Amino acid sequence: MCNYFNDGNFHQGMVQALMKMQRLNRLHVNLYYFQLTDLLKICKNLPRLQYLNVEFSSHRGKDKPAPEEISSCFCNLKELIFEFPFNDWLGSLCTRNLPNIEVVQYDPNKIMNWTHVRQYGKRYHDVDFPGASNLRHICVDLSRSCAAELEAMPNYFPNVTCLMVTNNSCSSLATDVKPKFDNIRNLHLFISSGGEELFDNYLITYGQNLQSLYLGHDRALTIDVEMIFKNCPILEKLSLQNVQLDWPLIEIKCFAELKELEWEINCLDGFRDSESMVLCYILSSPNLEKVKLESKGFNQNDLRILHSLIREKRILNNLHTLHVYFNFQMDVALANVLKSACAFLPKLTDFKFGNRCKFADPLKACQTTPLSDVDAPVWEMIRVFENEN
């Protein structure tokens, strides 16, 4: 729900209703914004609540709860995932003071905006603090960390399975020093300039055991798909942000284990910049179940081949989720792909497409906006299927 909807806050009636759920163990809310004080009240009254994934409304600094109150109310939490405009004070406080905490702030299963992530690089400074050994997910900022801290991290964080690495400088740490964890299954790399060497180094170090790989760039980065294919043999999820794949002229095998693909390119002309048929190749991975694409443009030849492969039932036979977002006027080639997907993919049950200009999710735009206020992009979505049986 976008900020300009006035009814986006979690009101007191909802708070009181939640506090009656004494057996509640997991709470995930993304349609409403919480006041931090309300969430503290909920956690204090629900001792079994251990997993939180929420969003906070803006908070004035003078109204911050005391650190002791936060530590007391959140003491049972194992995961606290949130997005809010508090800089890093809450994330740092929870990381360093909650006795059972394992995951703080960042969702291990979601690609984050690199400009948000790089603000939060100091919470692990002086890495020896109570509860450090419980953490499963940490973020390393190579532009703010020193070599001694990076090398010491595996000793203090032995249970880490998700590593998030950011770099917005030309620091030698990017290539010369890296923390050597033993059990990384989920790797996030966010790069603001250059980055090919950093990407290669971390992929070689951690790729063999990776199940999920997230790669983000602030402008545009092209990487060799063979680097991913060779180094990540059991990869199940690939998430790319402003990253192009350089696909070789020779045919290579598809990602045999890949189940989920997220690919967002909002720089330049998106997929239209690529001269190769990248989408039809990677979407031929036999076990794909979820695909989410977002771009300012698509390669027309790629779309035509993709359309034919879907109609011939040669690809995506296990796909149950398809989300396609775009910031351009719908063209015939893309419309044909979307219609073919609905008609010929036997397991497809979760289908979304539309324009991202105003709403985080086009489906929410349709749900929360009166028909008289629906703008041109929404009607454009409807027209794609208006003549279909």
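Below, each value reflects all heavy atoms present in this structure, side chains not excepted, and no hydrogens, waters or symmetry copies. These figures come from a predicted structure and were not determined experimentally.
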Open item on the list: Walk me through whether Leu77 and Leu80 qualify under side chain to side chain contact (heavy atoms under 4.5 Å, CB included).
Closed with: CA-CA 7 Å; Leu77 292 181; Leu80 176 57; 4.3 Å; yes
- [ ] Give the intermediate values and the outcome of side chain to side chain donor-acceptor pair (under 3.5 Å) for residues Thr222 and Gln244.
- [x] CA-CA 5 Å; Thr222 299; Gln244 292 276 16; over 6 Å; no
Open item on the list: side chain to side chain contact (heavy atoms under 4.5 Å, CB included), that's the test. Do Ile138 and Met153 meet it? Break it down for me.
Closed with: CA-CA 10 Å; Ile138 66 171; Met153 279 183 169; 4.1 Å; yes
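- Linking Ile, Leu, Val, Met, Phe, Trp and Tyr whenever their side-chain heavy atoms come within less than 4.5 Å puts Leu322 and Phe298 in one cluster.
- Under a cutoff of 6.0 Å and an axis angle of 45°, Arg26 and Tyr51 form a cation-pi pair.
- Note that the CZ atom of Arg48 and the SG atom of Cys43 stand 15.5 Å from one another [nearest 0.5 Å].
- Put simply, Leu221 and Leu203 are part of the same group of oily side chains (I, L, V, M, F, W, Y) that touch within less than 4.5 Å, one to the next.
- A 4.5 Å side-chain heavy-atom check between Leu213 and Leu240 finds every atom pair outside the cut-off.
- No continuous path of hydrophobic side-chain contacts links Phe157 to Val103 [ILVMFWY only; heavy atoms under 4.5 Å].
- Here the straight-line distance linking atom CG of Asn299 with atom CD1 of Ile305 works out to 8.0 Å at 0.5 Å rounding.
- Between His307 atom NE2 and Cys280 atom SG the span is 13.5 Å, to the nearest 0.5 Å.
- The minimum heavy-atom distance between Pro179 and Leu150, with the atom names listed, is CB-O, 3.4 Å.
- A distance-only check finds a donor-acceptor pair linking the side chain of Asn159 to the backbone of Ser133 [under 3.5 Å].
- The shortest distance between side-chain heavy atoms of Thr95 and Ile101 does not fall below 4.5 Å.
- In plain terms, the two heavy atoms of Tyr106 and Met164 that are nearest each other are CB-CE, 3.9 Å.
- With Phe199 as the partner, the side chain to side chain contact (heavy atoms under 4.5 Å, CB included) test is satisfied by one option alone out of Ile223, Asp224, Val243: Ile223.
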- [ ] Would you sort out whether Asn186 and His137 count as a side chain to side chain donor-acceptor pair (under 3.5 Å), showing the intermediate values?
- [x] CA-CA 9 Å; Asn186 188 329; His137 181 196; over 6 Å; no
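- For Glu79, the salt bridge (charged side-chain N to carboxylate O under 4.0 Å, His left out) test picks out Arg136, with sequence neighbours left out.
- Between the CZ atom in Phe229 and the CG atom in Leu238 there is a gap of 13.0 Å [rounded to 0.5 Å].
- Taking 4.5 Å as the limit, every side-chain heavy atom of Tyr214 sits out of range of all side-chain heavy atoms of Gln241.
- Of the possible donor and acceptor atoms, one in the side chain of His188 sits under 3.5 Å from a partner among the backbone N and O of Pro108.
- Under the 3.5 Å distance criterion, the side-chain polar atoms of Asp246 are left unmatched by any main-chain donor or acceptor of Val225.
- A chain of hydrophobic side-chain contacts below 4.5 Å, direct or via other Ile, Leu, Val, Met, Phe, Trp or Tyr residues, connects Leu288 to Ile282.
- Scanning for side chain to side chain contact (heavy atoms under 4.5 Å, CB included) contacts around Glu68 gives Ala66, with sequence neighbours left out.
- By the criterion of side-chain heavy atoms lying less than 4.5 angstrom apart, applied directly or through intervening Ile, Leu, Val, Met, Phe, Trp or Tyr residues, Leu39 is grouped together with Met21 in one hydrophobic cluster.
- Within 6.0 Å of NZ in Lys237 there are more than 12 heavy atoms belonging to other residues, nucleotides or ligands.
- Cys139 approaches Thr166 most closely through the heavy-atom pair SG-CG2, 4.2 Å.
- Heavy-atom minimum distance, Cys162 versus Ile184: N-CD1, 4.3 Å.
- The side chain to side chain contact (heavy atoms under 4.5 Å, CB included) check on Ile204 picks up Met227, Asn231, with sequence neighbours excluded.
- Between the CG atom in Leu303 and the CG atom in Asp331 there is a gap of 6.5 Å [rounded to 0.5 Å].
- Inter-residue side-chain proximity for Phe56 and Asp38 is flagged as unmet; no heavy-atom pair is nearer than 4.5 Å.
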- [ ] Go through Val291 and Leu319 one step at a time and tell me if the side chain to side chain contact (heavy atoms under 4.5 Å, CB included) criterion holds.
- [x] CA-CA 8 Å; Val291 171; Leu319 195 75; 3.6 Å; yes
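- A donor-acceptor contact shorter than 3.5 Å links the side chain of Asn100 to the backbone of Cys75.
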- [ ] Evaluate side chain to side chain donor-acceptor pair (under 3.5 Å) for Lys347 paired with Asn317, printing each intermediate quantity in order.
- [x] CA-CA 7 Å; Lys347 296 183 179 180; Asn317 290 318; over 6 Å; no
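- Two residues are said to be in side-chain contact when any heavy atoms from C-beta on lie closer than 4.5 Å; Leu52 and Ile42 fail this criterion.
- Between Phe82 and Asn53, the closest side-chain pair of non-hydrogen atoms is not below 4.5 Å.
- The distance from atom CD of Gln211 to atom CD of Glu257, rounded to the nearest 0.5 Å, is 10.5 Å.
- With Asn209 contributing its side chain and Asn183 its backbone, the two residues share no donor-acceptor pair below 3.5 Å.
- In terms of the salt bridge (charged side-chain N to carboxylate O under 4.0 Å, His left out) criterion, residue partners of Lys290 (sequence neighbours excluded) are, by chain and number, Glu260.
- Summarising the geometry of Pro154 relative to Phe181, their closest heavy-atom pair is CA-CE2, 3.6 Å, with the distance given to 0.1 Å.
- Separation of the Phe351 and Phe353 ring centroids falls under the 6.0 Å cut-off.
- Of all the heavy atoms in Arg311 and Phe344, the pair that sits closest is NH1-CE1, 3.6 Å.
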TODO: Determine, stepwise, if the pair Asn76 / Gln50 fulfils side chain to side chain donor-acceptor pair (under 3.5 Å).
DONE: CA-CA 6 Å; Asn76 295 319; Gln50 295 180 310; over 6 Å; no
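- Between Ile310 and Ile315, some side-chain heavy-atom pair lies under the 4.5 Å cut-off.
- No donor-acceptor pair under 3.5 Å is formed between the side chain of Asn287 and the backbone N or O of Leu258.
- For Lys110, the salt bridge (charged side-chain N to carboxylate O under 4.0 Å, His left out) partners are Glu83, not counting sequence neighbours.
- By the salt bridge (charged side-chain N to carboxylate O under 4.0 Å, His left out) test, Arg185 is found to be paired with no residue, residues two or more places apart in sequence or in another chain being considered.
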Open item on the list: Would Lys64 and Trp89 count as a side chain to side chain contact (heavy atoms under 4.5 Å, CB included) here? Give the steps.
Closed with: CA-CA 10 Å; Lys64 288 180 182 177; Trp89 71 267; 3.1 Å; yes
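- Remark: the backbone N or O of Lys41 is paired with a side-chain donor or acceptor of Asn45 at under 3.5 angstrom.
- Residues Leu36 and Pro65 meet the side-chain proximity criterion, which asks for heavy atoms closer than 4.5 Å.
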